[in-house]
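Structure, as structure tokens:
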Amino acid sequence: MPRFPVVTPLSRLSKPNPSCPATESLSGHSSAWILPLFPPGLDCIDLPECRYRGIIVTNASVVFCEDVADCAVGLLLDVLRRISAADRFVRGGLWPVKEDYPLGFKLGGKRVGIVGLGHIGSEIAKRLAAFGCSIAYNSRKQKPSVAFPFYANVRELAANSDVLVLCCALTKETHHIVNKDVMTALRKEGVIINVGRGALIDEKEMVQLLVQGELGGAGLDVFEKEPDVPTELFALDNVVLSPHFAVCTPESLERLMELVINNLETFFSNKPLLSVVSNE
Amino acid sequence: MESIGVLMLCPMNTYLEQELQRRFNLFRLWTVPEKPQFLKDHSASIRAVVGNASAGADAELINTLPGLEIVSSFSVGVDKIDLNKCKEKGIRVTNTPDVLTEDVADLAIGLILAVLRRLCECDRYVRSGKWKKGDFSLTTKFTGKTVGIIGLGRIGMAVAKRAEAFGCPISYYSRRENPDTKYTYYPSVVELAANCQILGPHVDEPELVSALVEGRLGGAGLDVYENEPEVPEELFGLENVVLLPHVGSGTVETREAMADLVIGNLEAHFLNKPLLTPLV
């Protein structure tokens, strides 16, 4: 039986492929390997099916985790310190500032709750700790090697955080994991940063809470129906929006190509592949 | 202390104003219709002046206030205060150092991320509806870039600590090499610039503007300018520039800490205790 790799084609980041082409086209071929390229997530791969058929799946997201972490920190600083809003203000010729120009909020000392402490979550934690933030997390399972406090559910985490950062995978279990209950627990001053997938949040609820001033702010790189973004957000200064670009740097693309080429060479030499998705 | 006259020179912070009002006999100079007459009427009872970076006790004001004992500035910068005159007359001067170190360092990193990852531009891209027509272009990675710091004082060190969490090698220029740090020292700014990819801060504004306009420089994040609040208009049209209106210390928490220092210094003086942060 010939062994062959399947490298899923580049597609527009903003339109994730909803079907699972890989498993269907591979029916009958058991020795194969899938590397989802773009988007670098596993939402469109049927993992249990692949496992059943002995198809190896590797995850390219480890290549991007630094860039996504940088983006998450950038969005958080932008929301708290009103960087994009202030830039608009200056470009609009509205300086000098009167005494009551809205102040931002200090990042140091904020309690940050990370939902999903994988590669990306760990990189985010490392960066924010240097700013004097305290870190806690929620994950499928507690990680014994990690010193940060663990919360068994996202609502508990939110109740004990000032900022919630979402960087976990989108699965049936994590769909709308941040719902109205969680956002209420985060309180009026709470900030949400989402660099995972739009559907991790109940977007309609979040927009309403933001518009009503029941949520402190949001930095969003992903949305439920990209590239459609709820227009109510455009009028808000405490919201920063980006077009699903957290992974888009030439440096990361270069590392991705290296990973693909290395894994291709390794695959055909019958050696173990890098970045294999485990059976957890 | 309610009978002690304190003259506040301009609106600067509501919390500070309220706290001064509660403790002293507060005069608000900007609400006075006839300044010379007002000063004549009340000069004997005014024993303290509260100013900031843009309004300070100059020689003229000091001469009209024979009872002046202390000038407490709601800022770190005291260029508007005639320090020599104060020394001459035995008038104490205090400012608000240190409490804003972290906020300024946070903002520096926020600006780096905003420029390199083009956050403000992305936010504009989404808000204008352009995302529906096409993906945003690539941005540049921050993690791992070499960062050169001009001036390794408290703020410089705080910036370095944060940049290190992003895996950035740090270099610096200072008047003297610092034997206690492991960062790479360069004896001149030019050499520093030649050996790093991100540099802060600038000195020659016209030169900076022409370098940016002519594309000789990759980008700039600016919170301060030579003639605030005037910002060179050629910068408004550039996408690789982020412009902020001098908000380095502009957070609710830090302004409160600065206000507490002003009040603390005034109280210490009138209770004959050692001043908290004296300059003169």
Side-chain angles (χ1 to χ4, degrees), chain A residues 12-14 66-67 69-71 73-75 77-78 80-84 86-91 93-101 103-109 123 126-132 221 226-229 231 233-234 239-246 248-253, chain B residues 10-14 102-103 105-107 109-114 116-120 122-127 129-144 161-167 221 228-231 233 235-236 242-247 250-255:
Chain A
R12 274 186 64 181
L13 280 185
S14 48
E66 286 165 348
D67 275 332
D70 289 356
C71 177
V73 175
L75 284 171
L77 278 164
D78 197 327
L80 286 180
R81 300 300 299 272
R82 305 174 50 93
I83 295 177
S84 288
D87 179 75
R88 277 196 292 275
F89 184 85
V90 173
R91 279 170 201 261
L94 298 172
W95 208 13
V97 168
K98 295 203 301 271
E99 180 256 322
D100 51 4
Y101 180 77
L103 295 173
F105 295 94
K106 193 181 170 96
L107 175 55
E123 292 292 327
K126 185 170 102 187
R127 284 152 177 71
L128 288 179
F131 290 82
D221 185 47
E226 296 168 13
D228 289 325
V229 175
T231 51
L233 297 178
F234 293 176
V239 170
V240 178
L241 308 164
S242 60
H244 202 153
F245 84 135
C248 295
T249 66
E251 292 89 343
S252 275
L253 289 186
Chain B
C10 62
M12 51 190 85
N13 183 275
T14 317
E102 289 176 355
D103 271 350
D106 289 354
L107 195 69
I109 301 290
L111 278 171
I112 292 175
L113 283 162
L116 289 187
R117 300 302 301 273
R118 299 161 73 186
L119 289 175
C120 307
C122 277
D123 182 79
R124 280 196 288 276
Y125 191 78
V126 175
R127 283 172 200 253
K130 290 199 182 114
W131 192 16
K132 297 205 197 184
K133 308 210 182 94
D135 283 332
F136 196 69
S137 47
L138 295 179
T139 63
T140 307
K141 190 175 176 128
F142 172 39
T143 286
K161 174 172 153 208
R162 285 151 176 74
E164 276 191 304
F166 291 81
E228 294 168 22
E230 271 146 42
V231 177
E233 276 182 23
L235 297 179
F236 289 2
V242 175
L243 306 166
L244 303 181
H246 202 155
V247 289
T251 65
V252 168
E253 295 90 337
T254 290
R255 291 288 164 86

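So that the names make sense, note that chain A is the first sequence line, chain B the second, and so on, each numbered from 1.
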If you count heavy-atom pairs within less than 4.5 Å of chain B, which of I83(A), V229(A), L80(A), L75(A) leads? I83(A)
Does the side chain of T143(B) come within less than 4.5 Å of E251(A)'s, by heavy atoms? no
Chain A contact via F166(B) - which portion, at a heavy-atom distance below 4.5 Å: both
Checking the side chain of R88(A) only, and the main-chain atoms of C120(B) only, is there a donor and an acceptor separated by less than 3.5 Å? no
Contact class of L77(A) relative to chain B, heavy atoms under 4.5 angstrom: side chain
Validation row: V239(A), D123(B) side chains within 4.5 angstrom (heavy atoms): no
NE2 on H244(A) to CH2 on W131(B), rounded to 0.5 Å: 7.5 Å
V231(B), part contacting chain A, at a heavy-atom distance under 4.5 Å: side chain
Okay, T140(B) and chain A: the region with an atom under 4.5 Å from a heavy atom over there is both
Report the residues that fulfil salt bridge (Lys or Arg N to Asp or Glu O under 4.0 Å) with R124(B), sequence neighbours left out, ordered by chain and then residue number. D87(A), E239(B)
Sort L113(B) into side chain, backbone, both or neither according to what part of it lies under 4.5 angstrom from a heavy atom of chain A. side chain
Using heavy-atom distances under 4.5 Å, tell me whether D67(A) contacts chain B through its side chain, its backbone, both, or neither. both
Could you tell me the separation between the NZ atom of K106(A) and the CG atom of D106(B), rounded to the nearest 0.5 Å? 7.0 Å
Interatomic distance, H246(B) atom NE2 to W95(A) atom CH2 [nearest 0.5 angstrom]: 7.5 Å
Nearest 0.5 Å, what's the OG-NZ distance between S252(A) and K141(B)? 4.5 Å
Is atom CZ of F105(A) surrounded by more than 12 heavy atoms (other residues, nucleotides or ligands) closer than 6.0 Å? no
For chain A, find which of G110(B), A163(B), G250(B), S137(B) contributes the most heavy-atom pairs closer than 4.5 angstrom. G250(B)
Given that the side chain runs from C-beta out, which part of L235(B) has a heavy atom under 4.5 Å from chain A: side chain, backbone, both or neither? backbone
Does some side-chain heavy atom of R81(A) sit less than 4.5 Å from a side-chain heavy atom of D103(B)? yes
pair V126(B)-F234(A): side-chain heavy atoms closer than 4.5 Å: yes
Heavy-atom closest contact (A165(B) atom, K126(A) atom, distance): O-CE, 3.5 Å
If you define the side chain from C-beta out and look only at heavy atoms, does anything of F245(A) sit under 4.5 Å from L138(B)? no
Spacing of CG belonging to L107(B) relative to CG belonging to L107(A), to within rounding of 0.5 Å: 11.0 Å
What are the two closest heavy atoms between R127(B) and L233(A), and how far apart are they? NH1-O, 3.8 Å
Separation between CD1 (I109(B)) and CZ (F131(A)), nearest 0.5 Å, reads 5.0 Å
Side chain, backbone, both or neither: which part of V240(A) has an atom under 4.5 Å from a heavy atom of chain B? both
Would T139(B) and T249(A) satisfy side-chain contact (heavy atoms from CB on, under 4.5 Å), going step by step from the backbone distance to the final call? CA-CA 5 Å; T139(B) 63; T249(A) 66; 3.8 Å; yes
What option among A129(A), G132(A), A69(A), A130(A) has the most heavy-atom pairs under 4.5 Å with chain B? A130(A)
